[in-house]
Structure formats: structure tokens, C-alpha cells
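Below: one structure, written as C-alpha cells.
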Amino acid sequence: MTVTTSAQSYGNYIAGAWRPATSGGTMENRNPANTDDLIGTFASSDAADVDAAITAAEEAFESWRITSPIARANILIKAAEILASRQNEIGRELTREEGKTLKEGIGETGRAIQILRYVAGEIQQPSGEHYPSMNPQTLLYTVREPLGPVAVITPWNFPIAIPAWKIAPAIGFGNTVVFKPASLTPLCAVRLVEALHDAGLPAGVVNLVTGSASKVGDPLVRDERITAISFTGSEQVGKELKKTVADRNTKLQLELGGKNPAIVLADADMDHALTHLVTGAMWSTGQKCTATSRAIVDRRIADELTSKLADRIRNLTVGDPLAGETQIGPVIDESAMQRIVGDIDKGRFEGAEVLAGGGRLSDNGRGSGYFVAPTLFGGVDPASMLGQQELFGPVLGVISVDGYDDAIAIANNVRYGLSASIFTRDLGKAMAFVRDIQAGIVHVNSETPGAEPQVPFGGYKSSSSYSREQGKASREFFTQTKTVYIDPPPGS
Ligand code: ADP
């Protein structure tokens with residue numbers, strides 16, 4: 001089916017049909033690598049569309065909640081097949097709208113496919129437990145049941161993988177969804193929903209409403225018919241959501257920021273650590289919540305490592321992400337570019353030394369996009385803005401330390417705790433790190449990013465709301481427990 005209401009114009013998907021915003025409002029979506037490239041026009045929705053979407057989700061829940069998980073799994077598998085048949089095309093669109101390289105765009109689409117397939121299997125796993133009862137005749141067991149209509153609110157940095165990892169388990173476990181994607185990446189949201197529709201998802205099970213945070217996100221989270229909210233985005237918005245639902249019983253899952261450290265001990269394989277520091281910090285233009293933003297390096301190797309790191313970072317190819325040779329694309333939009341460049345200036349002002357990059361790139365055709373040079377700071381004070389604040393861009397700071405104890409103290413001394421790495425050949429130190437680091441995801445001898453669908457994803461401290469996503473953890477969030485006592489009728 002086609003989702004366009006006219007060429008390059010995309011509507012909302014509510015109750016199984018594509019339609020324009022009730023108000024007729026539209027918004028443009030442009031390529032961050034070249035703002036002359038108009039990707040499409042999308043519905044700029046408001047509370048009326050949100051209301052229609054929640055009503056559709058509520059109505060669909062009545063039959064969807066009792067659909068067999070096997071039937072749901074078949075729809076997810078079919079949707080995965082549809083996405084797989086369009087992987088290169090959708091990956092290219094992802095690159096055009098988000099700015100990561102083509103390889104990453106196609107790779108992320110592949111990840112969404114893998115997630116749908118995984119969830120199709122996970123929802124067919126045993127659910128609930130059988131218990132002994134004090135009464136030997138009583139059949140006593142638990143079942144996990146869906147919650148109802150849930151809100152899925154997603155950021156722009158993984159515009160198809162994050163929606164897939166929230167929506168697939170939400171509907172797989174029998175909930176219905178109102179999906180509000182980031183306003184900067186609505187096309188990937190359309191493509192995912194289109195695949196679910198074409199796979200035979202019944203009307204109203206997933207409803208897509210595009211538009212701004214204030215006109216779509218806000219009425220969505222305030223609506224009391226929404227039983228749960230799964231949100232990935234900024235810490236500030238996550239905190240607001242907590243307040244919004246404080247006086248009602250809404251389940252909340254928050255995936256927020258990170259200030260992820262990679263510790264490099266003196267015995268590490270330096271070449272290996274360098275490779276992972278560069279990819280961990282710079283791939284996807286540093287716009288991953290799990291990106292490495294602090295290299296915490298033993299002082300004995302810090303000069304050599306920093307100088308080699310600066311060389312590698314200076315040599316990265318920054319440009320049109322659709323071009324084969326490009327390693328680093330643009331940042332997402334003008335305000336992100338200005339914020340990151342401003343933070344780089346603040347870092348200089350704080351006294352850290354710029355060893356690579358250090359500002360906007362606008363030569364060689366890059367002036368019509370939002371390009372920031374991959375930037376390395378040396379001599380970062382762990383207590384400074386550069387040492388503490390999530391920058392969400394291609395910026396890495398090196399902090400020199402005196403051995404493991406100093407490194408772990410500095411690594412933990414931030415408000416976040418999403419992911420963390422250590423590079424060492426010392427098994428004892430690696431195991432101590434796994435024990436001591438305050439992070440939800442821990443890597444030994446590999447970069448801080450990475451999220452496989454079969455394991456829980458989430459952070460410690462201000463990075464998450466304790467609940468986890470993906471893997472078996474998704475069942476925890478998207479279902480609730482019912483305890484059942486069944487006794488035989490008297491005389492049987
Ligand atoms: P990012 O800019 O990294 O995407 P945000 O936290 O600003 O992070 O936004 C993440 C998602 O949450 C987006 O879809 C955004 O529109 C939505 N959002 C932002 N503010 C609110 C809010 N107050 N209520 C509901 N949704 C919101």
C-alpha cells in the first residue's frame with residue numbers, strides 16, 4: 001500500500017488508515033547533510049489526533065489482548081521479512097533523514113529486522129509459573145497479561161531500531177500502541193508502521209502520530225487511558241514525564257543520557273584500545289546514548305595514546321553520509337550543531353586542550369549541512385563541564401589518571417551510569433571493574449556502544465528508571481502478573 005497523501009507527503013496512521021492531521025497541519029523533514037534536500041512533508045498533529053489514536057488503541061486492545069502470541073509472532077516475522085526486502089532502500093532513507101553513514105543506516109535497519117525476529121521468538125516462551133498450593137486440589141499459577149494502550153515515545157538517533165525494540169514487545173505481549181516518533185525522523189517511523197500494516201497487523205494495534213513534543217507528546221502522556229509510557233530521550237524530559245504521571249498509576253520506562261567512560265590501563269593493547277575509542281566515540285557522529293565520551297587513561301601511557309588518538313581522529317573522513325568513503329556524517333540539526341560547537345568553546349575556556357577538530361566544518365560542500373569536526377580534548381578536568389555533561393556529538397575528552405583506583409573513582413563520579421568499558425590484559429582488574437563500575441552495560445576490551453536484542457538494555461543512576469528494555473526484560477515492563485487459584489467444583 002502507499003502511505004502518501006500526495007507525492008512525498010505522509011500522514012498519521014490511526015485505526016488502520018493513513019490520514020492527514022485533523023488540523024491539516026504539516027511539517028517538513030530535511031536532510032541534515034544538505035538542507036536543500038527535502039525528504040518529505042509529514043502530519044503536524046495535535047491533541048485531536050492523539051485522542052483519535054488513543055481511542056483506536058483502546059478499542060483494538062479488547063480483541064488484541066486475547067490474540068494468540070503465536071499469531072502475533074507471525075505478524076512480527078512477516079513485518080521483518082517486509083523490512084528485509086526493503087533494507088537497502090530504508091537504510092538509505094534513514095541516512096538521508098538522520099545523517100549517519102549509509103553503512104550504519106542499512107545496519108540499523110538490519111537491527112530492527114533482527115529485533116522483530118527475536119521478539120517473535122521471545123513472546124512464544126513460557127509465561128507465568130505454576131506453584132504448589134496449601135490445598136492439594138488447587139491449581140495455583142501466574143500469568144503475565146498485557147497492560148492496555150501504551151505510549152511509545154522515541155528519539156531521532158536510532159529512528160528505526162529504538163521504535164522496533166519498544167513496539168515489537170509492546171504489541172507482542174498483547175498491548176496496543178500510540179507511537180510518537182521524534183519530529184526530526186518521522187520517515188523511519190512511517191516505514192516501520194507500514195511494514196506492520198502490510199504484515200497484517202489489525203487496525204488500531206499500532207497508531208502513529210507525528211508532530212511536536214508539545215502538541216503530540218504532551219497530550220499523549222497526560223491522557224489517563226495510557227497505561228504505560230516507554231520513553232527514550234533526554235534526562236530533562238524524562239524527569240518531566242515522572243512528574244506528569246506522579247498522581248496516576250502509569251508504568252514508566254525511561255532511557256536517558258550517558259557520560260560513558262572507557263578506561264585504558266597501562267597494560268592494554270594500545271592499538272586495539274585506539275580503534276575502539278575512535279569508533280565508540282565517533283561512529284554515528286557520537287550521537288549514541290552509549291557513545292564513549294571520556295577516555296580515562298593511565299598517565300604512564302597517556303601522552304602516547306593521546307597523540308595517536310588525535311592522529312586517527314584528524315584523519316576521519318567527514319562528509320555526505322551517502323558517499324561510500326564517508327566515516328562521519330552531520331549532526332542532526334542546526335540547534336544540535338550550535339550546542340556542540342558552543343560546548344567545544346566552553347571546553348577550551350575551561351582550559352582543556354583541543355588536539356583534533358574543534359568546531360564546525362563548512363568547506364567542501366559541507367556548508368549546507370550541520371557538520372562538526374570530530375574533536376579530541378586532552379587534559380580534561382573530571383569535574384569540569386567536559387568531564388561531566390553529556391555532549392551528544394563527536395567529542396571525546398582524555399582524562400589522565402594514576403592507576404585503576406583513580407580511574408574507577410573518576411569513572412563513577414558522574415550523574416549517569418549507562419555503559420562503560422575497560423581495556424586491559426589483567427583479568428583481575430577487568431573483574432574488579434565489572435564489580436565496581438556503576439553502569440548498566442559493561443564491556444571488557446570493547447567499545448561502550450552496543451545493544452544486542454536478547455539482553456537487557458538500560459543504565460544505573462540518572463541514565464534509566466531501573467526498568468530495562470529488550471530481551472526477557474521487555475516482558476517485565478510490558479506485562480503485569482495475575483495470580484490464579486482454580487479449585488475443582490465440589491464433589492468432582
Ligand atoms: P532528543 O532531542 O534526544 O530526541 P528529547 O527528550 O527532546 O530528546 O525527545 C525525545 C522524544 O520525546 C521526542 O519524540 C520528543 O518529541 C518527545 N518529547 C519531548 N518532550 C516531551 C514531553 N514534554 N512530553 C512528551 N514527549 C516529549
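When a ligand or atom number is given, it counts from 1 through the structure's own listing order. For the single chain, residues carry numbers from 1 onward in sequence order.
Using a cut-off of 4.0 Å between Lys/Arg side-chain N and Asp/Glu carboxylate O, Glu194 and Arg191 are scored as salt-bridged. Of the charged side-chain nitrogens involved, none lies within less than 4.0 Å of a carboxylate oxygen, so that Glu476 and Arg468 do not count as a salt-bridged pair. One finds a salt bridge joining Glu235 and Lys239 here, because a Lys/Arg side-chain nitrogen approaches an Asp/Glu carboxylate oxygen to under 4.0 Å. No salt bridge links Asp333 with Arg339; every basic N to acidic carboxylate O contact stays at or beyond 4.0 Å.
Relative to the six-membered ring of Phe158, Lys288 misses at least one condition, a distance below 6.0 Å or an angle of at most 45° to the axis.
At a 4.0 Å heavy-atom cut-off, the residues surrounding ligand 1 are Ile153, Thr154, Pro155, Trp156, Lys180, Pro181, Ala182, Ala213, Gly217, Asp218, Phe231, Thr232, Gly233, Ser234, Val237, Glu240, Leu241, listed by chain and number.
Checking side-chain atoms of Arg366 against main-chain N and O of Pro330 turns up no donor-acceptor pair under 3.5 Å.
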